[in-house]
Amino acid sequence: MGLESIFWAFWYILPAYVANASPVLVGGGRPIDGGRKWRDGKRLLGDGKTWRGFIGGVAIGTLVGVIQYFITPDFYGSLVTAVKLAFLLSFGALVGDLVGSFFKRRANLPRGAPAIGLDQLGFLISALAFAYPVKTLSSGQIIFLLVVSPFVHWGANYFAYRMGWKSVPW
Ligand SMILES: CC(C)=CCC/C(C)=C/CC/C(C)=C/CC/C(C)=C/COC[C@@H](COP(=O)(O)O)OC/C=C(\C)CC/C=C(\C)CC/C=C(\C)CCC=C(C)C
Ligand SMILES: Nc1ccn([C@@H]2O[C@H](COP(=O)(O)OP(=O)(O)OP(=O)(O)O)[C@@H](O)[C@H]2O)c(=O)n1
Ligand SMILES: [Mg+2]
């Protein structure tokens with residue numbers, strides 16, 4: 001795969017990355033599950049999934065799409081397409097993150113416990129699926145993102161841990 005198609009793959013997915021990272025900095029407050037428990041007696045999602053993180057992440061990710069449009073208008077065709085795409089990538093990423101937490105709680109994992117695979121790829125697969133109707137990548141680019149995103153995710157989390165933004169390096 002050429003360098004150019006690698007660049008466009010990262011450029012395309014950037015709103016999803018930013019949306020997934022933003023709650024670490026802007027999250028907190030009221031949990032989405034409102035403290036409710038599932039029938040297994042465990043929390044539905046847990047205290048790590050908050051309204052502020054979700055809404056802030058979708059808003060910041062969508063804003064990234066607006067900025068991207070002004071940098072590379074031809075890649076998107078129109079501002080409306082860029083905003084729709086960034087919104088779906090961001091919303092998809094954070095819905096995928098919630099689904100991941102739902103399964104982690106069912107597996108009896110406490111908030112913040114690592115779930116290898118789910119943590120690194122759940123948000124990505126969900127983002128790609130939500131955005132698919134508006135604009136998609138080649139299958140080679142999608143495979144590329146699936147392979148490299150876990151390393152980017154680990155790198156970003158380690159960085160956030162070293163900066164004191166996260167209490168665990170995953
Ligand atoms: C303006 C505000 C309030 C927020 C801006 C959001 C922000 C800091 C965006 C950076 C976006 C970005 C390009 C992130 C990296 C990509 C990525 C996959 C992020 C996934 O999010 C992980 C996130 C939460 O983890 P969770 O899934 O367990 O919830 O981790 C939080 C990380 C950060 C807040 C720090 C962001 C990291 C950097 C700016 C450094 C990035 C470093 C690398 C990409 C290292 C690359 C390493 C390798 C091995 C290639
Ligand atoms: N919708 C969200 C997602 C994340 N966060 C914040 O970002 C942190 C890191 O996110 P993540 O790793 O996804 O959550 P975990 O705490 O690891 O919880 P879980 O075990 O449910 O994944 C959370 O602790 C929380 O402070 C948030 O406020 N709202
Ligand atoms: Mg986590």
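Here, residue 1 is the first one in the sequence, and each next residue gets the next number. These figures come from a predicted structure and were not determined experimentally.
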Hydrophobic cluster membership, [X] vs [Y], 4.5 Å side-chain cutoff:
| X | Y | answer |
| --- | --- | --- |
| L63 | V18 | no |
| I125 | W154 | no |
| V26 | L98 | yes |

Can I get a per-line list of side-chain donor-acceptor pairs under 3.5 Å for residues 137-149, giving both atom names and the distance, sequence neighbours left out?
residue	atom	partner	partner atom	Å
S138	OG	Q141	N	3.1
S138	OG	Q141	OE1	3.3
Q141	OE1	S138	N	3.0
Q141	NE2	S5	O	2.9
S149	OG	Y17	OH	2.7
S149	OG	L145	O	2.7

Legend entry - CD1/I71: more than 12 non-hydrogen atoms of other groups inside 6.0 Å: yes
Legend entry - Heavy atoms of other groups near F7 CZ, more than 12 under 6.0 Å: yes
Inset, instruction - Measure the shortest side-chain to side-chain distance between I6 and M1 over non-hydrogen atoms and say whether it is less than 4.5 angstrom. - result: yes
Residues 8-16 side chain polar contacts: donor-acceptor under 3.5 Å, at least two apart:
residue	atom	partner	partner atom	Å
W11	NE1	T72	OG1	2.8
Y12	OH	K135	O	2.6

Legend entry - Pair listing, side-chain hydrogen bond (donor to acceptor under 3.5 Å, both in side chains) test, anchored in residues 123-132, at least two apart: none
Legend entry - side-chain hydrogen bond (donor to acceptor under 3.5 Å, both in side chains) pairs, two or more places apart, involving residues 45-56: R43-D47, K49-D97, K49-S101
Inset, instruction - Please name the pair of heavy atoms, one in L94 and one in G53, separated by the smallest distance, quoted to 0.1 Å. - result: CD1-O, 4.2 Å
Legend entry - Least distance between heavy atoms, S90 atom then G57 atom: CB-O, 4.3 Å
Using distance only, find each side-chain donor-acceptor pair of residues 73-84 under 3.5 Å and give its atom names and separation, not counting sequence neighbours.
residue	atom	partner	partner atom	Å
Y76	OH	Q68	OE1	3.3
Y76	OH	Q68	NE2	3.4
S78	OG	T81	N	3.1
S78	OG	T81	OG1	2.9

Inset, instruction - Mind checking side chain to side chain donor-acceptor pair (under 3.5 Å) for R162 and listing every partner two or more places apart, or none if nothing turns up? - result: Y158
Legend entry - Donor-acceptor contact below 3.5 Å, side chain K104 vs main chain P110: no
Legend entry - salt bridge (Lys or Arg N to Asp or Glu O under 4.0 Å) partners of R105, counting only residues at least two apart: none
Ignoring hydrogens and angles, write down the donor-acceptor pairs under 3.5 Å from the side chains of residues 163-170, residues two or more places apart or on other chains.
residue	atom	partner	partner atom	Å
K166	NZ	N157	OD1	2.7
K166	NZ	W170	O	2.9
W170	NE1	G112	O	2.8

How many angstroms lie between atom [atom1] of [X] and atom [atom2] of [Y], to the nearest 0.5 angstrom?
| X | Y | atom1 | atom2 | result |
| --- | --- | --- | --- | --- |
| L128 | L88 | CG | CG | 12.0 Å |
| L45 | R36 | CG | CZ | 9.5 Å |
| I60 | I55 | CD1 | CD1 | 12.0 Å |

Once ring pair (Phe, Tyr, Trp, His ring centres under 6.0 Å) is applied, do any residues pair with [X], and if so which ones, sequence neighbours excluded?
| X | result |
| --- | --- |
| F70 | none |
| W38 | F102 |
| F130 | F91 |

Legend entry - salt bridge (charged side-chain N to carboxylate O under 4.0 Å, His left out) pairs, two or more places apart, involving residues 13-32: none
